[in-house]
Amino acid sequence: QSLFAPRQSLAGRKVAITAGPTREALDPVRFLSNHSSGKMGFALAAAAQRAGAEVTLIAGPVNLPTPSGVKRVDVTGALEMRDAAERAADLCDIFIGAAAVADFRPAKFAEQKIKKREDNNEETVALVKNPDIVAGIAARTERRPFTVGFAAETEKVLEHARGKLTRKKLDMIVANDVSVADGGFDSDRNAVTVIDAAGSEMLPSALKTELAEQLIARIATRALAP
Ligand code: CTP
Ligand code: CA
């Protein structure tokens, strides 16, 4: 993008974004989840809306206000998030998977609260793999939006992110080192590397709101490139 080129507008474009964690229920009172705050996904939704897009934000359980002008769909588990994401993807031009989807869910949901007993000092929970939401959308042959994923890594960040870009057939991936203090899950700041088939670009540590503006600008440029 040249210094003098106007920012690519997203006016008239539809963008769908997943954000936050998912909760995988074990029984009526317990779940498996992770520390995702949803801040990055919500910041992306706000930035895309400001760029002129019609935004659908598919949100796991998070404690964040809905960005103004954004359509929010609240979900809990990965399967519910997948269904909402697939529906939104049918209509959108750009799909961004920013959610920290639980990789596994309990194999069965206990209808009643699981009780501890006198004799079970150890307990095991059987888990089954959740569907990969962003990969499912990127693998479409019809109605396939420009698809962007995130890669949360604690080591070999770029190598693992490039692997995910290829394996999931994404158009772009945002690599995120979640092992550093100044970044990752609950922080207001983050530093990322944007990777696509053409190469990579480091975006240094910034507020997630600022980073979101930069990411949306790059996604818009790449997605709408003739
Ligand atoms: N993702 C998804 N559905 C899943 C798991 C992940 O859509 N069931 C998406 C995330 O939203 C993110 C990307 O895939 O955009 C990468 O997520 P990440 O957890 O970093 O990668 P995984 O493929 O799950 O691999 P691993 O956790 O083993 O590193
Ligand atoms: Ca994962």
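Every number for a ligand or one of its atoms is a count from 1 in the order of the listing. Because the structure is a prediction, the values reported are computed rather than measured.
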Counting from 1 in the order shown, the ligand 1 atoms closer than 4.0 Å to a non-hydrogen atom of Gly149 are 15 (O)

Salt bridge check: are Asp90 and Arg140 linked by an N-O gap of less than 4.0 Å? yes

heavy-atom search around atom 9 (C) of ligand 1 in the protein gives Val134 CG1, 3.6 Å

re atom 8 (N) of ligand 1, the protein heavy-atom contact at minimum distance is Pro131 O, 2.8 Å

Under 4.0 Å between heavy atoms, the region of Lys164 that gets near ligand 1 turns out to be side chain

- Side chain of Asn176, backbone of Val192: donor and acceptor closer than 3.5 Å? no

Check your understanding: Can you check whether Pro67's main-chain N or O pairs, donor with acceptor, with Gln49's side chain at less than 3.5 Å?
Key -> no

the protein heavy atom lying closest to atom 3 (N) of ligand 1 turns out to be Ile133 N, 3.0 Å

Heavy-atom proximity to atom 27 (O) of ligand 1, picking from Asp132, Asp103, Asn34, points to Asp103

One thing to verify: whether Glu123 and Lys116 come together as a salt bridge, which I'm taking to mean a side-chain N less than 4.0 angstrom from a carboxylate O.
no

Query raised in the report: If you measure from the Lys or Arg side-chain nitrogens to the Asp or Glu carboxylate oxygens, is any gap between Glu159 and Lys164 under 4.0 Å?
Result: no

Result for side-chain contact (heavy atoms from CB on, under 4.5 Å) between Pro145 and one of Asp171, Ile137, Asp93 points to Ile137

Closer than 4.0 angstrom, basic N to acidic O: yes or no for Glu54 and Arg13?
no

### Query
Could Lys129 and Asp103 be called an ion pair, given the rule that one side-chain N must be under 4.0 Å from one carboxylate O?
no

Here the atoms of ligand 1 under 4.0 Å from any heavy atom belonging to Gly97 are 11 (O), 12 (C), 15 (O)

A student checking ligand 1 against Ala99 at a 4.0 Å heavy-atom cut-off should list atoms 10 (C), 11 (O)

Point to revise | Close approach of Ala152 to ligand 1, heavy atoms, under 4.0 angstrom | key: yes

dist Asp83:CG -> Ile58:CD1 (nearest 0.5 Å) comes out at 10.5 Å

Looking only at protein heavy atoms, what sits closest to atom 12 (C) of ligand 1 is Phe150 O, 3.0 Å

Checklist line | Polar proximity ligand 1 side, Ala151 side, N/O cut 3.5 Å exclusive | finding: no

of all protein heavy atoms, closest to atom 4 (C) of ligand 1 is Val101 CB, 3.5 Å

Among non-hydrogen protein atoms, atom 6 (C) of ligand 1 lies closest to Lys168 NZ, 4.0 Å

